[in-house]
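Since the structure comes first, as structure tokens, the remarks are kept for the end.
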Amino acid sequence: MGRSRLAAAAAPLLLILAACSSGATPTPAPATTAPTVAAPDSAAPGSAAPSAATSSSTVDAKTVGAIGMALVAGSNGMTVYTFDKDVKDSGTSACSGGCITKWPALTVPAGGTPVAGTGVTGKLATITRTDDGTLQVTYNGLPLYFFSGDKAPGDSNGVYTGWQAVKP
């Protein structure tokens, strides 16, 4: 009789433990998009404002983790990248749709001009994106992007096949 009472008392506990360890995999939090602004106090339509302005320049050259000196957005310190499918001086971006969601464009406000910060030796300009009309910053003729997987200044998670961190 002692064993049956013990078994009856343990049954609810076993059911609770089984429910808690059902093998269900937790769903990861969705990735957030890196800010797509270039000027510290202005945001392009539909873009997020930077959390803290770090510079009045659009792009700066800074040490980025293990990749060394690279370009970062002056507004938020996030690493910027180029896409291998973009054609230099074509005036267009090959990244749209799902690509631009994962790789947001570095932009300046309408009528804005990108400003080079310390250590930036190349030519900054803009192109008008055909998908939304924003002004995307270019460096030496190639459009610049953020990577949505970078969460803090100094991250360089976007360096992989087809994407390059930009060297000054």
Side-chain angles (χ1 to χ4, degrees), residues 29-168:
T32 57
T33 302
T36 59
V37 295
D41 295 316
S42 57
S47 65
S51 58
T54 58
S55 170
S56 62
S57 59
T58 305
V59 180
D60 294 311
K62 296 205 177 191
T63 301
V64 175
I67 64 173
M69 194 61 67
L71 296 187
V72 300
S75 63
N76 59 19
M78 301 299 282
T79 306
V80 294
Y81 302 89
T82 55
F83 185 31
D84 291 351
K85 291 185 179 181
D86 285 330
V87 176
K88 183 178 178 174
D89 296 321
S90 68
T92 62
S93 166
C95 182
S96 61
C99 176
I100 202 66
T101 300
K102 190 169 186 168
W103 298 90
L106 173 63
T107 62
V108 293
T113 303
V115 177
T118 305
V120 178
T121 58
K123 179 184 173 193
L124 291 174
T126 59
I127 60 172
T128 301
R129 291 193 53 81
T130 57
D131 54 355
D132 63 7
T134 59
L135 290 180
Q136 183 170 4
V137 178
T138 62
Y139 185 71
N140 293 332
L142 290 170
L144 298 179
Y145 306 87
F146 293 107
F147 177 57
S148 62
D150 287 348
K151 302 300 180 198
D155 285 353
S156 58
N157 300 314
V159 176
Y160 55 92
T161 304
W163 293 90
Q164 313 299 320
V166 183
K167 299 291 185 171

For this session: Ignoring hydrogens and angles, tell me if any N or O in the side chain of Gln136 forms a donor-acceptor pair with the backbone of Leu144 under 3.5 Å.
Result: yes

Exercise. For Pro143, does its backbone N or O pair with a side-chain atom of Thr138 as donor and acceptor, under 3.5 Å?
Worked result: no

Problem set entry | Point-to-point distance, once rounded to the nearest 0.5 Å, from CG of Asp89 to CG of Asn140 | 8.5 Å

Seminar exercise, completed: Asp131 meets the side chain to side chain contact (heavy atoms under 4.5 Å, CB included) criterion, sequence neighbours left out, with Ser96, Ile100, Arg129

Exercise. Among all residues two or more places apart in sequence or in another chain, which pass the side chain to side chain donor-acceptor pair (under 3.5 Å) test with Asn157?
Worked result: Asp150

Exercise. With ring centroids as reference points, do Phe147 and Trp103 lie under 6.0 angstrom apart?
Worked result: yes

Seminar exercise, completed: All heavy atoms of Tyr139 vs all of Thr121, minimum pair found to be OH-N, 3.5 Å

Seminar exercise, completed: On a heavy-atom basis, the closest approach of Ala70 and Val64 is CB-CG2, 3.9 Å

Exercise. Does Thr118 have any side chain to side chain donor-acceptor pair (under 3.5 Å) partners at least two apart in sequence or in another chain, and if so, which?
Worked result: none

Seminar exercise, completed: Between Asp155 and Thr79, the two heavy atoms sitting closest are O-OG1, 2.6 Å

For this session: Grab the two heavy atoms, one from Thr82 and one from Tyr145, that are nearest each other, plus how far apart they are.
Result: CA-CD1, 4.4 Å

For this session: May I ask you to decide if Ala94's main-chain N or O and Asp86's side chain share a donor-acceptor pair within less than 3.5 Å?
Result: yes

For this session: Can you measure from OH (Tyr81) to CH2 (Trp163) and round to the nearest 0.5 angstrom?
Result: 10.5 Å

For this session: Identify the heavy atoms of Thr107 and Val137 that sit nearest to each other, and give their distance.
Result: C-CG2, 4.1 Å

Problem set entry | Separation between CD of Gln164 and CD1 of Ile67, rounded to the nearest 0.5 Å | 10.0 Å

